[in-house]
Amino acid sequence: MNNNLLYDFTIDKTTKTVVITREFAAELPLVWDAFTKPELLDQWIAPKPFTAKTKHANFEVGGKRFYAMVGPDGQALRWALQKYTSISPKTNYKMFNVFADADENPEEFGSEWDFSFSEQDGKTKVVVSIYNESLERLEAMLEMGFTEGFKMTLVNLDELLAASQSK
């Protein structure tokens with residue numbers, strides 16, 4: 001990660017919320033695409049050596065993305081279902097995220113994700129606010145290594161953005 005870029009990761013158990021603020025050395029359209037196009041998401045959203053594989057996606061209000069976290073052996077380890085609830089192109093989108101089984105049957109609790117994007121001087125700032133329906137879900141995410149895993153995915157995203165800009 002570029003050390004000159006803003007980065008903050010805050011966990012607030014009293015509000016069951018995680019807020020991640022991160023700047024990227026890339027223009028907003030490129031960063032927006034990396035967060036919203038499944039073919040790009042699959043390239044960075046899983047911490048190595050894992051990968052993400054989207055089964056299907058429809059980025060529109062009421063649409064959804066269904067994907068798996070895949071292990072190095074090619075086996076799906078965990079499925080997630082994301083339902084898009086609000087989209088303001090290039091500035092904000094919101095979704096409900098829940099773990100599911102391979103048949104898209106959701107688990108009991110999920111989380112609401114709110115992504116905000118802004119650009120200044122060729123840098124794009126993304127603020128991700130994650131509200132969990134239960135403290136148990138938040139604590140389970142943290143126990144599964146969410147903090148470390150998300151940080152690793154941001155390194156992947158930096159690499160993808162740098163490669164995209166050098167083309």
Side-chain angles (χ1 to χ4, degrees), residues 1 5-24 26 28 31-38 40-47 50 52-69 76-120 123-158 161:
M1 273 189 245
L5 298 172
L6 175 66
Y7 178 67
D8 183 60
F9 197 107
T10 304
I11 299 166
D12 185 342
K13 289 188 178 183
T14 60
T15 61
K16 302 175 286 206
T17 304
V18 176
V19 178
I20 303 145
T21 303
R22 178 69 157 76
E23 276 183 333
F24 297 94
L28 191 141
V31 176
W32 175 265
D33 285 352
F35 274 84
T36 60
K37 293 186 174 181
L40 296 176
L41 275 165
D42 284 353
Q43 293 180 51
W44 69 269
I45 200 65
F50 304 98
K53 183 164 177 60
T54 298
K55 188 171 181 180
H56 58 82
N58 184 8
F59 186 70
E60 64 181 33
V61 174
K64 60 186 174 181
R65 175 175 177 242
F66 183 57
Y67 75 100
M69 185 78 64
L77 303 173
R78 190 80 162 154
W79 289 91
L81 182 61
Q82 299 172 333
K83 296 179 183 179
Y84 301 106
T85 57
S86 172
I87 299 172
S88 298
K90 305 271 193 300
T91 59
N92 179 270
Y93 73 92
K94 297 175 183 176
M95 69 179 188
F96 181 75
N97 185 76
V98 64
F99 292 121
D101 65 18
D103 295 319
E104 295 187 46
N105 297 306
E107 290 185 0
E108 183 177 4
F109 295 108
S111 54
E112 296 171 19
W113 292 56
D114 185 342
F115 297 80
S116 295
F117 298 77
S118 61
E119 181 182 357
Q120 186 171 2
K123 295 179 187 173
T124 300
K125 181 169 78 170
V126 180
V127 179
V128 183
S129 179
I130 307 164
Y131 170 75
N132 288 274
E133 291 182 318
S134 73
L135 181 59
E136 294 78 18
R137 185 178 194 280
L138 172 60
E139 289 177 339
M141 281 176 44
L142 298 174
E143 285 177 24
M144 287 189 304
F146 176 78
T147 304
E148 297 80 12
F150 202 88
K151 288 177 182 178
M152 292 170 68
T153 67
L154 294 176
V155 172
N156 296 345
L157 179 53
D158 280 332
L161 294 171

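Note that the structure is predicted; figures quoted are calculated from it, not measured. Residue numbers start at 1 and run along the sequence shown.
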Legend entry - Donor-acceptor pair, side chain of T17 and main chain of D12, under 3.5 angstrom: no
Inset, instruction - Please report the shortest heavy-atom distance between P47 and T153, naming the atom on each side. - result: N-CG2, 3.6 Å
Inset, instruction - With ring pair (Phe, Tyr, Trp, His ring centres under 6.0 Å) as the test, would you mind laying out the steps for F35 and F117 before giving the verdict? - result: CA-CA 10 Å; F35 274 84; F117 298 77; 5.4 Å; yes
Legend entry - Closest approach of A52 to I45 (non-hydrogen atoms, all atoms of both residues): CB-CG2, 3.4 Å
Inset, instruction - Without swapping roles, check the side chain of Q82 against the backbone of N97 for a donor-acceptor pair under 3.5 Å. - result: no
Inset, instruction - Search all heavy atoms of N92 against all heavy atoms of S116 and return the closest pair with its distance. - result: ND2-OG, 3.1 Å
Legend entry - Short side-chain to backbone donor-acceptor contact, N156 and A46, under 3.5 Å: yes
Legend entry - Crowding at NZ, K125 (>12 non-hydrogen neighbours, <6.0 Å): no
Legend entry - L5 side, atom CG; T21 side, atom OG1 - distance, nearest 0.5 Å: 13.0 Å
Inset, instruction - Answer yes or no: is there a side-chain heavy-atom contact under 4.5 Å between M141 and I11? - result: no
Inset, instruction - Flag the pair K64 / M95 as yes when at least one side-chain heavy-atom distance between them is below 4.5 Å, and no otherwise. - result: no
Legend entry - Reference residue D42; test salt bridge (charged side-chain N to carboxylate O under 4.0 Å, His left out); the match among K55, R65, K37: R65
Legend entry - Heavy-atom pair of closest approach, residues S88 and W32: O-CH2, 3.7 Å
Legend entry - Any H56 side-chain heavy atom under 4.5 Å of E104 side chain: yes
Legend entry - Flag side-chain contact, heavy atom, 4.5 Å: F109 against N132: no
Inset, instruction - Hey, could you give me the OG/CG distance between S86 and D114, rounded to the nearest 0.5 Å? - result: 8.0 Å
Inset, instruction - Output the distance between atom OG1 (T85) and atom OH (Y93), rounded to the nearest 0.5 Å. - result: 11.0 Å
Legend entry - Nearest atoms (heavy-atom pairs only) where W79 meets A102: NE1-CB, 3.5 Å
Legend entry - Min side-chain heavy-atom separation K151-V155 under 4.5 Å: no
Inset, instruction - Write down the atom of A26, the atom of T124, and the distance for their closest heavy-atom approach. - result: O-OG1, 2.7 Å
Inset, instruction - Output the distance between atom CG (D33) and atom NZ (K90), rounded to the nearest 0.5 Å. - result: 5.5 Å
Inset, instruction - Measure the CZ-CG distance between F24 and L157 for me, rounded to the nearest 0.5 Å. - result: 4.5 Å
Inset, instruction - Check the surroundings of atom CD in E60: do more than 12 heavy atoms from other residues, nucleotides or ligands lie under 6.0 Å from it? - result: yes
Inset, instruction - Decide, yes or no, whether a salt bridge links E107 with R137 under the criterion of side-chain N to carboxylate O below 4.0 Å. - result: no
Inset, instruction - Flag the pair F115 / T36 as yes when at least one side-chain heavy-atom distance between them is below 4.5 Å, and no otherwise. - result: no
Inset, instruction - Taking E119 for its side chain and L28 for its backbone only, find out whether a donor-acceptor pair lies under 3.5 Å. - result: yes
Inset, instruction - Tell me, with the steps shown, if K16 and E133 meet salt bridge (Lys or Arg N to Asp or Glu O under 4.0 Å). - result: CA-CA 7 Å; K16 302 175 286 206; E133 291 182 318; over 6 Å; no
Legend entry - F146 and V18, any side-chain heavy atoms less than 4.5 Å apart: yes
Inset, instruction - State, with a plain yes or no, whether a side-chain heavy atom of D158 is found less than 4.5 Å away from one of R22. - result: yes
Inset, instruction - Please confirm whether the backbone N or O of N105 pairs with a side-chain atom of D103, one donor and one acceptor, at under 3.5 Å? - result: no
Inset, instruction - Could you please spell out the steps behind the side-chain contact (heavy atoms from CB on, under 4.5 Å) verdict for W113 and V128? - result: CA-CA 7 Å; W113 292 56; V128 183; 3.7 Å; yes
Legend entry - Side chain E23, main chain L6, donor-acceptor under 3.5 Å: yes
Inset, instruction - Nearest 0.5 Å please: distance from the CZ atom of F50 over to the CZ atom of R78. - result: 12.5 Å
